[in-house]
Number of protein chains: 2
Amino acid sequence: MDLFISKFFNKIDKKGRVSLPSSFRNVLPKSNRNEIILYKSIKSPSIEGCGVGRLKEIAKRINNLDFFSEDYDDFSTSIFSEIVTSNIDKEGRFLIPEDLKQYANIKTEAAFFGQGHFFQIWEPKTGLKNTLTSRKRLLEQKKSLRMILTQQK
Amino acid sequence: MDLFISKFFNKIDKKGRVSLPSSFRNVLPKSNRNEIILYKSIKSPSIEGCGVGRLKEIAKRINNLDFFSEDYDDFSTSIFSEIVTSNIDKEGRFLIPEDLKQYANIKTEAAFFGQGHFFQIWEPKTGLKNTLTSRKRLLEQKKSLRMILTQQK
DNA sequence: TATATACCCATTGACGCCCATATATTCCCA
DNA sequence: TGGGAATATATGGGCGTCAATGGGTATATA
């Protein structure tokens with residue numbers, strides 16, 4: 001499986017380490033399994049993460065913008081300076097930078113939610129609450145959801 | 001990782017030395033890890049820096065501007081004539097020239113912001129303020145930011 | 001000679017690597 | 001097919017290494 005799916009709840013130890021769920025580790029390319037990138041989610045108080053390969057794609061896209069435009073700086077600043085890399089140790093653990101933990105209000109436990117091509121890290125209670133409201137929103141538009149689910153390609 | 005990413009806040013000591021963040025040093029080519037170039041940013045009160053190899057890329061981008069426009073001369077002059085080189089010592093530190101420090105209003109601490117193929121050095125508070133306004137501008141065009149971050153190839 | 005800069009050494013704290021354990025899962029063989 | 005062994009995962013902790021920082025001294029340059 002090459003997608004981040006399912007959810008996991010792991011503890012953060014005294015040193016600040018937390019295990020990246022094993023199934024998530026397996027999504028990372030064999031060529032670079034010991035590094036991930038993390039950044040603040042735009043839409044929610046959570047951290048988003050994925051393999052570094054994605055970053056290179058992003059870099060390429062930004063590089064194609066007009067170098068002397070204001071947009072270039074905005075993208076470049078908001079993305080490159082806000083993204084951090086984190087190394088995964090031999091046991092599959094990594095460190096979440098302090099400011100990101102604060103942003104997501106994460107203290108002693110982290111909830112990992114698969115999102116397909118990336119994943120989110122939440123404070124457990126907040127994350128669970130979010131899945132509920134998220135699902136509720138979907139059910140309120142059940143009709144369109146059914147359309148998507150049953151639609152044939 | 002071969003990109004300047006994330007942000008770091010380092011102190012400037014009595015001798016004027018400041019550590020180039022370790023991860024930034026690793027971006028510099030192994031062949032020339034003890035020299036960087038610095039110049040005043042055109043768009044903000046900050047210093048931009050990169051490895052000397054990047055000079056060619058800068059030249060190319062300026063060359064792509066309309067040769068007979070006013071911009072051409074202005075950019076060309078403001079950038080090339082202002083570029084300085086700085087040596088990195090054995091401990092990974094370098095000196096920021098006095099006029100550049102003044103331009104960016106840097107006193108005792110420097111904030112390094114990754115920008116992909118180059119980096120910026122800011123007075124910490126000013127730099128943080130800039131990331132906020134920059135992000136705000138982008139959120140006003142949320143769609144385009146999401147495109148860059150989540151778009152699949 | 002005075003000032004600036006490079007090299008050397010030292011300190012501190014953070015992080016990576018190694019080893020250990022407990023629990024869960026898979027595998028294998030009788 | 002049941003049970004035990006091997007394996008994998010999450011978690012805890014010791015310790016060495018490296019990054020950031022401070023300062024002394026030599027060297028160079030004006």
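None of the values given here were measured: they were computed from a predicted structure.
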In B/S/- notation (B base, S sugar-phosphate only, - none; protein heavy atoms under 4.0 Å), nucleotides 19-25 of chain D written 5' to 3' is SSBBBBB
Going by the ring pair (Phe, Tyr, Trp, His ring centres under 6.0 Å) test, which pairs reach into residues 13-51 of chain B, not counting sequence neighbours? B:F4-B:F24, B:F8-B:F24, B:F24-B:F119
Would a distance-only check, ignoring hydrogens and angles, find a side-chain to backbone donor-acceptor pair under 3.5 Å from A:S86 to A:L95? yes
Give the first and the last nucleotide of DNA chain C, reading 5' to 3', that has any atom under 4.0 Å from a heavy atom of chain B. C:dT5 to C:dC9
Check whether A:R33 reaches the backbone of A:R25 with its side chain - one donor and one acceptor, N or O, closer than 3.5 Å. yes
Using whole Å, report how far CD1 of A:I88 lies from P of D:dT9. 13 Å
Does B:K129 have more than 12 heavy atoms from other residues, nucleotides or ligands lying within 6.0 Å of its NZ? no
Could you check how far NZ of A:K90 sits from P of D:dA8, rounded to whole Å? 16 Å
May I have the distance from A:F94 (atom CZ) to D:dA10 (atom P), rounded to whole angstrom? 12 Å
Mind checking whether A:D99 and A:V84 have side chains closer than 4.5 Å, heavy atoms only? no
So with a 6.0 Å cut-off around NZ of B:K40, is the heavy-atom count from everything else above 12? yes
Taking the side chain from A:N10 and the backbone from A:V18, do they hold a donor-acceptor pair closer than 3.5 Å? no
Distance-only polar pair, side chains of A:T77 and B:Q115, donor-acceptor under 3.5 Å: yes
